[in-house]
Amino acid sequence: MSKIELIITNNYEEMSQKTADIFIDLLKKKPNSILGLATGSTPIGLYKILIEKNKSKIISFKDVITYNLDEYCDIPKSHEQSYFTFMNQNLFDHIDINKDNTHLPQGEGDSKINSENYDKELNKVKIDIQLLGIGSNGHIGFNEPGTDFDLGVHEVLLTENTIKDNARFFENDINKVPKKAITMGIKNILSAETIILIANGKNKANAIKNIMKGVADKNVPASALNLHKGKVYVIVDKDAASLL
Ligand code: F6R
């Protein structure tokens, strides 16, 4: 069983800074790190700090390789809400990374083949730090409650809860939210050396409480972090910690 290191911060800015400090440390020690990255609103503050530190030459991404957790199916890469677009706009366009070294699952085309290909790629590497956000229902990546912990990369049907949560990015219209996605499975996530899960806001408090019970429960996908053999950090603001 992994002992999760819980770090409770005062606010979103501090949560982002604490997380950035761990990434900065790693990149200084290991400039050719392999990073597992996430999208969503939670990591934006972290990415801003990493961009700033890159611009001031404190860290470089020249030799860094990245793998993202997930991507929507059935919208083109060029869609303004694709995770490909998100990563470019919020991080890759602003740092010295070689874009050939950035990887996301392929959302367009045959999901089964795309999933198998991404899984094969991931199995060839060891991710140094896997960053995770968390859904209000405890999902990580797009591994929704009930997902088998043994699954590798796979296609998922988004739950109603996640479609509703994500409608804010699609003009608040649930009909515009893609219904399918490709995601790393829990198995892929757990094979990273270190995992950092970040969360802010009251709507994440119940999910955080469920992780910190210390038991891996299929109904709370993020609780699988309790099974991780390496280091796990859960870095939250006061609101996300309010039910602990
Ligand atoms: C994104 C991802 C999702 C989000 C989660 C939280 O790549 O895998 O699991 O981390 O839905 O999203 P936000 O940060 O927008 O609350």
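Any value given below was found using the heavy atoms of this structure, including those in side chains, with hydrogens, waters and symmetry copies removed. As the structure lists them, so they are numbered: ligands from 1, and atoms in each ligand from 1.
The pair Lys231-Glu5 counts as a salt bridge, with a side-chain nitrogen and a carboxylate oxygen less than 4.0 angstrom apart. Checked for salt-bridge contact, Lys112 and Glu155 miss the test: no charged N lies under 4.0 Å from a carboxylate O. Glu108 and Lys77 are not joined by a salt bridge, as no carboxylate oxygen comes within less than 4.0 angstrom of a charged side-chain nitrogen.
Short contacts between ligand 1 and Gly40, defined as distances under 4.0 Å to a heavy atom of the residue, involve ligand atoms 14 (O), 15 (O). Listed by number with element, the atoms of ligand 1 under 4.0 Å from a non-hydrogen atom of Gly133 are 10 (O). Remark: ligand 1 atoms within the under-4.0 Å shell around heavy atoms of Leu69 are 8 (O).
Where the criterion is an N or O separation shorter than 3.5 Å, residue side chain and backbone included, Lys204 meets it with respect to ligand 1. Note: no N/O pair closer than 3.5 Å links Tyr83 and ligand 1 by distance alone. Where the criterion is an N or O separation shorter than 3.5 Å, residue side chain and backbone included, Gly141 meets it with respect to ligand 1.
At most 12 non-hydrogen atoms from other residues, nucleotides or ligands lie less than 6.0 angstrom from NZ of Lys62.
Here the two rings, on Phe170 and Tyr72, have centers that are under 6.0 Å apart.
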Side-chain donor-acceptor pairs under 3.5 Å in residues 135-151, sequence neighbours left out?
unit_1, atom_1, unit_2, atom_2, d
Ser136, OG, Asp165, OD2, 3.0
Asn137, OD1, His139, N, 3.0
Asn137, OD1, His139, ND1, 3.3
Asn137, ND2, Glu144, OE1, 2.9
His139, ND1, Glu144, OE1, 3.3
His139, ND1, Thr162, OG1, 3.2
Asn143, ND2, Ile140, O, 3.0
Asn143, ND2, Met184, O, 2.9
Glu144, OE1, Thr162, OG1, 3.1
Glu144, OE2, Thr162, OG1, 2.7
Thr147, OG1, Glu144, N, 3.1
Thr147, OG1, Glu144, O, 2.4
Asp148, OD1, Asp150, N, 3.0

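Contacts between Asp70 and ligand 1, counted as non-hydrogen atom pairs separated by less than 4.0 Å, involve the side chain only.
Side-chain polar atoms of Lys48 and Asn90 form no donor-acceptor pair below 3.5 angstrom.
The shell of residues lying under 4.0 angstrom from ligand 1, judged by heavy atoms, includes Arg168.
Looking at Ile134, Ile140, Asn200, Thr42, it is Ile134 that brings a heavy atom closest to atom 6 (C) of ligand 1.
Atom 1 (C) of ligand 1 has Thr39 OG1, 3.1 Å as its closest protein atom, hydrogens excluded (heavy atom only). Atom 11 (O) of ligand 1 has its closest protein heavy atom at His139 NE2, 2.7 Å.
Side-chain atoms of Ser16 come within 3.5 Å of backbone atoms of Tyr12 as a donor-acceptor pair (strictly under, hydrogens ignored).
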